[in-house]
Amino acid sequence: MSARVKICGLTRPEDIDGAVQFGADALGLVFYEPSPRSVSLDQAAELAKRVPAFMSVVGLFVNPSRQEVEAVLERVPLDLLQFHGDESADFCASFGRRWIKAIRVREAGQIEAAFEEFHNASGLLVDAWDPDRYGGTGKSFNWDLIPDYRPLPIILAGGLSSDNVFAAVKQVKPWAVDVSGGVEQDKGIKDIQKISHFIKEVHRVCKTD
Ligand SMILES: O=C(O)c1ccccc1N[C@@H]1O[C@H](COP(=O)(O)O)[C@@H](O)[C@H]1O
């Protein structure tokens with residue numbers, strides 16, 4: 001069984017179209033202004049219109065206010081909320097939408113604790129820890145810290161690219177992988193060939209199983 005693929009940090013219509021064409025399962029829009037991949041409400045509404053049925057549009061937030069999330073939900077048809085900061089489980093659940101929680105992994109036991117704390121999530125996204133940034137760092141972490149017992153689907157992120165995603169999926173067997181920097185030509189500007197190669201590498205895993 002292959003892992004699903006989320007391509008995050010899309011800002012241009014042509015990148016959405018490329019990710020759709022090459023078989024991504026989910027597309028991420030960043031609503032976090034410090035990120036070079038951040039999109040405005042108008043931009044996000046236009047990008048979301050291009051996404052066909054049976055593909056998910058995911059909204060990424062970092063420590064947003066309730067009003068910020070509600071303003072996005074009024075304008076953009078999001079299928080899933082991704083909380084990538086220090087949000088509580090109660091806050092994440094309070095919008096009546098499906099949500100996933102990202103944690104930044106740096107030590108043993110953290111993932112097990114997060115399974116408990118965020119047990120109502122639709123998935124736990126595991127990313128690399130960085131002292132200065134919440135995500136989109138291009139850094140990976142020690143995949144041995146990911147336990148075999150998984151009460152929630154694991155979404156593997158952090159420094160993935162077509163060079164390492166085959167090995168990552170083989171070793172970790174995640175429900176899904178999430179990539180941003182590894183499929184870009186510049187921050188917020190995706191590279192369609194890299195997206196295609198990345199997705200092919202993920203799908204190649206099930207052919208070798
Ligand atoms: O993409 C961003 O700019 C970003 C900003 C703040 C929090 C998360 C962000 N992106 C997410 O980070 C991980 C890893 O990204 P990368 O592949 O290492 O570049 C991924 O889940 C993105 O969705």
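Order of listing sets the numbers, starting from 1, for every ligand and every atom in it.
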for atom 5 (C) of ligand 1, nearest protein heavy atom and its distance come out as G135 O, 3.7 Å

In terms of residue, atom name and distance, what is the protein heavy atom nearest to atom 2 (C) of ligand 1? R37 NH1, 3.2 Å

Consider ligand 1: state whether an atom of it lies below 4.0 angstrom from any non-hydrogen atom of G158. yes

May I ask you to check whether V62 has an N/O atom sitting below 3.5 Å from an N/O atom of ligand 1? no

So among H84, K139, R104, which one has a side chain to side chain donor-acceptor pair (under 3.5 Å) with D127? H84

Within the structure, does V30 bring an N/O atom to less than 3.5 angstrom of an N/O atom in ligand 1? no

Under 3.5 Å between any N/O of L160 and any N/O of ligand 1: does that happen in this structure? no

Please report whether ligand 1 has a polar contact with Y32, defined as an N or O pair separated by less than 3.5 Å (distance criterion only). no

Determine whether the side chains of D86 and Y134 contain a donor N or O and an acceptor N or O closer than 3.5 Å. yes

Under 4.0 Å from any heavy atom of D178, which atoms of ligand 1 are there? 20 (C), 21 (O), 22 (C), 23 (O)

Which of the numbered atoms in ligand 1 are below 4.0 angstrom from a heavy atom of G181? 16 (P), 17 (O), 19 (O)

Could you please spell out the steps behind the salt bridge (charged side-chain N to carboxylate O under 4.0 Å, His left out) verdict for D148 and K173? CA-CA 9 Å; D148 291 335; K173 300 182 177 55; over 6 Å; no

Under 6.0 Å from the CZ atom of R150, do we count more than 12 heavy atoms belonging to anything else shown? yes

Give the single entry among G136, C8, S35 that approaches atom 3 (O) of ligand 1 most closely by any heavy atom. S35

Assess G9 for proximity to ligand 1: is some non-hydrogen atom of it under 4.0 Å away? no

Okay, side chain of R97, backbone of L78: is any donor-acceptor separation there less than 3.5 Å? yes

Heavy-atom donor-acceptor pair, D191 side chain to Q185 backbone, under 3.5 Å: no

Electrostatic pair D17:K190 at N-O distance under 4.0 angstrom: no

Does ligand 1 have an atom that lies less than 4.0 angstrom from a heavy atom of K6? yes

Verify side chain to side chain contact (heavy atoms under 4.5 Å, CB included) between I146 and F141, making sure each step is shown before the conclusion. CA-CA 10 Å; I146 302 172; F141 65 98; 3.9 Å; yes

Side chains of E201 and N164, donor plus acceptor under 3.5 Å: no

Ligand 1 versus A157: contacting region, heavy-atom distance under 4.0 Å: side chain

Give me the residue, atom name and distance of the protein heavy atom closest to atom 17 (O) of ligand 1. S180 N, 3.0 Å

Atom 13 (C) of ligand 1: which protein heavy atom is closest, and how many Å away? D127 OD2, 3.3 Å

Tell me whether ligand 1 is touched by Q82 - counting only heavy atoms on the residue side and a distance under 4.0 Å. yes

If we ignore hydrogens and angles and just use 3.5 Å, is the side chain of K194 paired with the main-chain N or O of E184 as donor and acceptor? yes

